[in-house]
Amino acid sequence: ARYYRLAADQGIAHAQVILGVCYHEGRGVLQDYALAARYQRLAADQGFAEAQCRLGMCYSIGQGVAFGEAARVLRPERSAGAV
């Protein structure tokens, strides 16, 4: 995970996805869902489709993201006050 972190910190989306998976599964690092979501978000913001999918899963199961944030992303009409 060390080399993936170095590459991820340089903004390499593929390394960010892999490091996110490492944190999600606890491979080579302590399991940390928040860091997993953080690295997936960094890659997703660069348009990396796999990261977008993985980040969507984080939101759908509520791992590594705040509950209010997950609800806002998954149900934007409710958080905006619509019924």
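As the structure is a computational prediction, the values presented were derived from the model and not from experiment. The figures that follow rest on heavy atoms only: side chains count, while hydrogens, waters and symmetry mates do not. Note that the numbering runs from 1 along the sequence shown for the chain.
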Between [X] and [Y], what is the shortest heavy-atom contact and its length?
{"X": "G11", "Y": "Q16", "result": "CA-NE2, 3.7 Å"}
{"X": "L30", "Y": "Y23", "result": "O-CD2, 3.5 Å"}
{"X": "G28", "Y": "A1", "result": "O-CB, 4.2 Å"}

Is there a chain of hydrophobic side chains (I, L, V, M, F, W, Y, each step under 4.5 Å between heavy atoms) that links I18 to V29?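 Same hydrophobic cluster.
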Verify the cluster assignment for L35 and L42: are they in a single hydrophobic cluster under the rule of side-chain heavy atoms below 4.5 Å apart?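 Yes, it is one cluster - the side chains of L35 and L42 are joined through contacts under 4.5 Å.
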Restricting to pairs with a member in residues 12-39, which pass salt bridge (Lys or Arg N to Asp or Glu O under 4.0 Å), not counting sequence neighbours?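 Every salt bridge (Lys or Arg N to Asp or Glu O under 4.0 Å) pair that includes a residue of residues 12-39, provided the two are not neighbours, is E25-R27.
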Quick one: salt bridge (Lys or Arg N to Asp or Glu O under 4.0 Å) pairs with a partner in residues 46-56, sequence neighbours left out?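 Residue pairs with at least one partner in residues 46-56: E50-R54.
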Rounded to the nearest 0.5 Å, what separation is found between the SG atom of C58 and the CZ atom of R41?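 It comes to 8.5 Å.
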Within a strict 4.5 Å, meaning less than it, do heavy atoms of the Y39 and D9 side chains meet?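 Heavy-atom side-chain distance check passes, below 4.5 Å.
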Partner set under side chain to side chain contact (heavy atoms under 4.5 Å, CB included) for A51, not counting sequence neighbours: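 For A51 the side chain to side chain contact (heavy atoms under 4.5 Å, CB included) partners, ignoring immediate neighbours, are V17, Q40, A43, A44, F48.
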